[in-house]
Every structure is written in C-alpha cells, then in structure tokens.
Q: 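Can you keep this structure in mind? I'll have questions shortly.
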Amino acid sequence: MLKRLLSNDDEPEPPAVSVPFDALLDIAQSERRRQCLRTVNEHGRLELTDLAEIVAAAEVGTDRDQLQSQQRKRVYVSLYQTHIAKLDNTGLVRWSQTNGTVCATAETGPAVGALNDLADRTTGGDC
C-alpha cells in the first residue's frame, strides 16, 4: 500500500483488510498458512484434500502427482487440525467441515495483499 502511495500509478488502492493487525501477524507466522491463503485466493474454492496437495507440493518443490502419500498426509492433518480453523476463525477463509471445502471470503484477497506488502517491507530495502 505504501508503494502505491509513493508511486505515480493511477491504480486504485486495494481494499483494506479488516482483520485485526495482531491476528494478521499471527497468521503470517506460518508459511503453511500464508500458502493456504494464496492458494485459496487464487482458486476461490477448494476441497481440503486438493488444498493440502497444493501446499505440500509447494513445500517440497515438486508437482502434485510426484508427492509421496506421507507428504500429503502430513500437510492434510496439519491443515485439518490447526491451520484451516485458525484461518476460518479470523474470517480469512470459510471452512465447511461438512463439505470438506475451503472457500475464499471478502477478506482473503486483501489479507494476501497486506501480507505481501509486509513481506516486501521486511525482506528488502537499504534501511
């Protein structure tokens, strides 16, 4: 957001995320949760099994069809037991345990943008 304020671009400012800053920082602590957010934001709606495969493949740097069953299972269990509930509780995704689906919300895109901005500010620059 700061970059856009300082640039001459006429791009509109992205919508602000309404999740409390502390909650967003808690989400940002886990690369797995950040990857979940990016993936759900990109796809809109996913089965948890598909989300787990995409996240696992990103973590090990391979294609989904090259994953070992243990790699899939480890990520699936982690998402099911911890990460998806945390994302759902903050309103960043909507988790339907009945359907086994994870869906983007109005907060997903702005949160991904805010986390990307935060990453840009903390990983680069001279100061």
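Just so you know, residue 1 is the first one in the sequence shown, and it goes up from there. All values reported here derive from a predicted model rather than from experimental measurement. Every heavy atom of this structure was used, including side-chain atoms; hydrogens, water molecules and symmetry mates were not.
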Q: Any idea which heavy atoms bring Leu87 and Thr90 closest together, and the distance?
A: O-OG1, 2.9 Å
Q: Which heavy-atom pair separates Gln35 from Ala58 by the least distance, and what is that distance?
A: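 Reported closest heavy-atom pair: CD-CB, 4.0 Å.
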Q: Please list, chain by chain and in numerical order, all residues satisfying salt bridge (charged side-chain N to carboxylate O under 4.0 Å, His left out) with Glu59, sequence neighbours excluded.
A: Arg32, Arg74
Q: Does some side-chain heavy atom of Val112 sit less than 4.5 Å from a side-chain heavy atom of Glu42?
A: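 Glu42 does not reach Val112 side chain to side chain.
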Q: Check side-chain hydrogen bond (donor to acceptor under 3.5 Å, both in side chains) between Ser18 and all other residues, then give those that pass, not counting sequence neighbours.
A: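 Residues passing side-chain hydrogen bond (donor to acceptor under 3.5 Å, both in side chains) with Ser18: Glu107.
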Q: Please name all residues satisfying salt bridge (charged side-chain N to carboxylate O under 4.0 Å, His left out) with Glu31, sequence neighbours left out, ordered by chain then number.
A: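 Expected list: Arg34, Arg38.
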Q: Can you list every side-chain hydrogen bond (donor to acceptor under 3.5 Å, both in side chains) pair that touches residues 19-29, not counting sequence neighbours?
A: Asp26-Lys86
Q: Which pairs count as salt bridge (charged side-chain N to carboxylate O under 4.0 Å, His left out) when at least one residue sits in residues 61-72, sequence neighbours excluded?
A: Asp50-Arg64, Glu53-Arg64, Glu53-Arg72
Q: With rounding to the nearest 0.5 Å, note down the distance linking OG1 in Thr49 to NZ in Lys73.
A: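 The OG1 atom of Thr49 sits 15.0 Å away from the NZ atom of Lys73.
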Q: Go through the structure and list residues passing side chain to side chain contact (heavy atoms under 4.5 Å, CB included) with Ala85, not counting sequence neighbours.
A: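 With neighbours one apart ignored, the set is empty.
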Q: Can you give me the closest heavy-atom contact between Ile84 and Cys36, atom names plus distance?
A: CD1-SG, 4.3 Å
Q: Is Thr82 reaching over with its side chain to a backbone N or O of Leu79, donor-acceptor style, under 3.5 angstrom?
A: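 No; judged by distance alone, with no hydrogens or angles, the pair does not exist.
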Q: I need the minimum non-hydrogen distance between Val102 and Leu51, along with the two atoms involved.
A: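 Closest approach of Val102 to Leu51: CG2-CD2, 4.1 Å.
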Q: Using a 3.5 Å cut-off and no angle test, enumerate the donor-acceptor pairs between side-chain atoms of residues 91-98 and protein atoms at least two apart in sequence or in another chain.
A:
residue: Ser96; atom: OG; partner: Asn99; partner atom: N; Å: 3.2
residue: Gln97; atom: NE2; partner: Tyr80; partner atom: OH; Å: 2.5

Q: If I compare all heavy atoms of Asn41 with all of Gly109, which pair ends up nearest, and what's the gap?
A: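 Where Asn41 meets Gly109 most closely, the heavy atoms are OD1-CA, 3.2 Å.
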Q: Can you find a pair of side-chain heavy atoms, one from Thr101 and one from Leu46, that are under 4.5 Å apart?
A: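 Not in contact.
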Q: Kindly give the heavy-atom pair with the smallest separation between Leu24 and Ala114, and that separation in Å.
A: CD2-CB, 3.9 Å
